[in-house]
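So the structure is just underneath, and the comments pick up after that.
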There are 2 protein chains.
Amino acid sequence: MTSRLEALCLEKGLKMTGQRRVIAQVLSDADDHPDVEEVHRRAAQIDSRISIATVYRTMRLLEDVEVIERVDLGDGRARYEEASADHHHHLIDTRSGRIIEFASPELEAIKEKIARDLGYKIVGHRLEIYGVPLDDAGEGQ
Amino acid sequence: MTSRLEALCLEKGLKMTGQRRVIAQVLSDADDHPDVEEVHRRAAQIDSRISIATVYRTMRLLEDVEVIERVDLGDGRARYEEASADHHHHLIDTRSGRIIEFASPELEAIKEKIARDLGYKIVGHRLEIYGVPLDDAGEGQ
DNA sequence: TTTGGAATTGCGAACGGTTTGCAGTATGAT
DNA sequence: ATCATACTGCAAACCGTTCGCAATTCCAAA
Ligand SMILES: [Mn+2]
Ligand SMILES: [Mn+2]
Ligand SMILES: [Zn+2]
Ligand SMILES: [Zn+2]
């Protein structure tokens, strides 16, 4: 069975190797934002002969052809998610590490207006919110 | 003459050494967003006996006591600016590298609402816009 | 099918920004 | 002035990521 991402890779004309198939599989199955080491860990469970260097190279390749997107969540490493049609941002729960996705047309509109007013055309942007649950916001330290 | 930042450091009760005084001077004079190496370069012009390790340590210290703020502009290194009363974000001109500061109460309000609706209290956030000048947005490649 | 050349892989070494252990030095409270 | 403590410079270690190289794999053409 060829995974969703493997199909995408074929469309893009990428040479499909065993390790790329495994990585495509892992990324198709993921519903979170794994870093390279986590992708490698999951890939190694399917085929242990896969090296971290290949994962690094493949992630970069997939990013270049826009099959996946790099996400910077502020910890030192690069995280990834499947490139999706729906643009969104992330709220990071600093207590639990949970990542909540959100989209906001109003926010995007304001961002556009800010750039336009400054005489700029947007070519990219980044936004993350870090927060703690309202419920236990007063508790602990 | 004790620099603005040196005074702040004294208020915070920091032990003031020669190298800290120089770094405080450099940061007081800066009106941009220098990285550690740039701070070191400027500091070395005042006193060449200052080591990069000390600059790293001092930047971290000043950040901890909230005399300066770390800015992540997407290039690999940490950049810094004086901690100021007025919160703002950055628009990075990807053609020239120029950094334009802006603030937007509307944007902050929307951000607050998003977090609240998700059941979160904001403890931090990050936003940068990358853009190119409208004028020459169509030119070149 | 077999083949051949180009692309990909695994390994380990190198990278760039940052931190750290240590022995020596400076600071500022007494 | 003294002295404990905090700070410094240096070099080595760190961490995520990239890269050079020789060996392997892919796949298009024969
Ligand atoms: Mn996401
Ligand atoms: Mn700024
Ligand atoms: Zn957006
Ligand atoms: Zn803000």
Side-chain angles (χ1 to χ4, degrees), chain A residues 2 5-7 9-27 33-65 67-80, chain B residues 2 5-7 9-27 33-65 67-80:
Chain A
T2 101
L5 257 59
E6 182 180 342
C9 289
L10 289 169
E11 275 178 44
K12 303 276 182 176
L14 299 187
K15 188 186 213 176
M16 288 314 291
T17 66
Q19 19 287 75
R20 287 188 183 170
R21 253 181 280 273
V22 170
I23 293 170
Q25 175 76 255
V26 164
L27 294 173
H33 304 82
D35 58 27
V36 171
E37 243 173 296
E38 180 60 27
V39 173
H40 180 239
R41 205 171 294 127
R42 296 179 194 177
Q45 261 163 262
I46 301 177
D47 179 349
S48 61
R49 283 165 315 194
I50 203 165
S51 87
I52 187 104
T54 294
V55 179
Y56 270 109
R57 280 191 276 237
T58 304
M59 298 307 276
R60 186 150 46 120
L61 176 70
L62 296 186
E63 191 187 351
D64 286 347
V65 299
V67 163
I68 59 177
E69 274 168 20
R70 182 194 300 253
V71 183
D72 179 355
L73 296 184
D75 50 2
R77 55 233 122 120
R79 295 169 165 275
Y80 295 89
Chain B
T2 100
L5 257 60
E6 182 180 341
C9 289
L10 288 168
E11 275 178 45
K12 303 276 183 175
L14 298 188
K15 187 187 214 177
M16 287 314 290
T17 66
Q19 20 287 79
R20 287 188 184 171
R21 252 181 282 274
V22 170
I23 293 171
Q25 174 76 256
V26 165
L27 294 173
H33 303 82
D35 59 26
V36 170
E37 243 173 295
E38 181 58 28
V39 173
H40 179 239
R41 205 171 294 126
R42 295 178 193 177
Q45 261 163 263
I46 302 177
D47 177 351
S48 62
R49 284 164 314 193
I50 201 163
S51 88
I52 187 105
T54 294
V55 179
Y56 270 109
R57 280 192 274 237
T58 304
M59 298 308 275
R60 186 148 49 117
L61 175 71
L62 296 185
E63 191 188 351
D64 286 346
V65 300
V67 163
I68 60 177
E69 273 167 22
R70 181 194 300 254
V71 183
D72 178 355
L73 297 184
D75 50 4
R77 57 232 121 125
R79 294 169 166 275
Y80 294 90

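- One finds a side-chain N or O of A:Arg60 lying less than 4.0 angstrom from the OP1 or OP2 phosphate oxygen of D:dC19.
- Rounded to whole Å, atom P of D:dG9 lies 15 Å from atom OH of B:Tyr56.
- When the side-chain nitrogen and oxygen atoms of B:Arg20 are compared with OP1 and OP2 of D:dC7, one or more of them lie within a distance under 4.0 Å.
- Contact check, A:Thr17 against D:dT25: no side-chain N or O comes under 4.0 Å of OP1 or OP2.
- Going from atom CZ of B:Arg79 over to atom P of C:dG16 covers 17 Å, rounded to whole Å.
- The environment of CZ in B:Arg49 is sparse: at most 12 heavy-atom neighbours from other residues, nucleotides or ligands sit within 6.0 Å.
- Here the side chains of B:Glu37 and B:Ile52 are in contact, with some heavy-atom distance below 4.5 Å.
- For D:dC10, the OP1/OP2 oxygens have no side-chain nitrogen or oxygen of B:Ser51 closer than 4.0 Å.
- Rounded to an integer number of Å, the gap from NZ of A:Lys15 to P of D:dC26 is 8 Å.
- Here the P atom of nucleotide C:dT27 and the CZ atom of B:Arg21 are 7 Å apart, to the nearest Å.
- Distance A:Leu14 CG to C:dT8 P: 8 Å, rounded to the nearest Å.
- For B:Cys9 against B:Leu62, the heavy-atom pair with the smallest separation is SG-CD2, 3.5 Å.
- Of the inter-residue distances, the one linking A:Asp64 atom CG with A:Thr58 atom OG1 reads 11.5 Å to the nearest 0.5 angstrom.
- Mapping B:Ile52 and A:Ile52 onto DNA chain C by nearest heavy atom places A:Ile52 at the nucleotide closer to the 5' end.
- Among the protein residues, B:Arg57 comes within range of the nucleic acid bases, having at least one heavy atom under 4.0 Å from a base atom.
- In this structure, A:Met59 atom CE and C:dT9 atom P are separated by 14 Å, rounded to whole Å.
- Atom P of nucleotide C:dT9 and atom NE2 of A:His40 are separated by 12 Å, given to the nearest angstrom.
- We find that B:Asp72 and B:Arg70 are not joined by a salt bridge, their nearest charged nitrogen and carboxylate oxygen being 4.0 Å or further apart.
- The CD atom of B:Gln19 sits 11 Å away from the P atom of D:dC10 (whole-angstrom rounding).
- Note on B:Ile50: only backbone sugar-phosphate atoms sit closer than 4.0 angstrom, heavy atoms only; bases stay farther off.
- When distances run from any side-chain atom of B:Ala53 to the nucleotides C:dG28, D:dC10, C:dG17, the shortest one goes to D:dC10.
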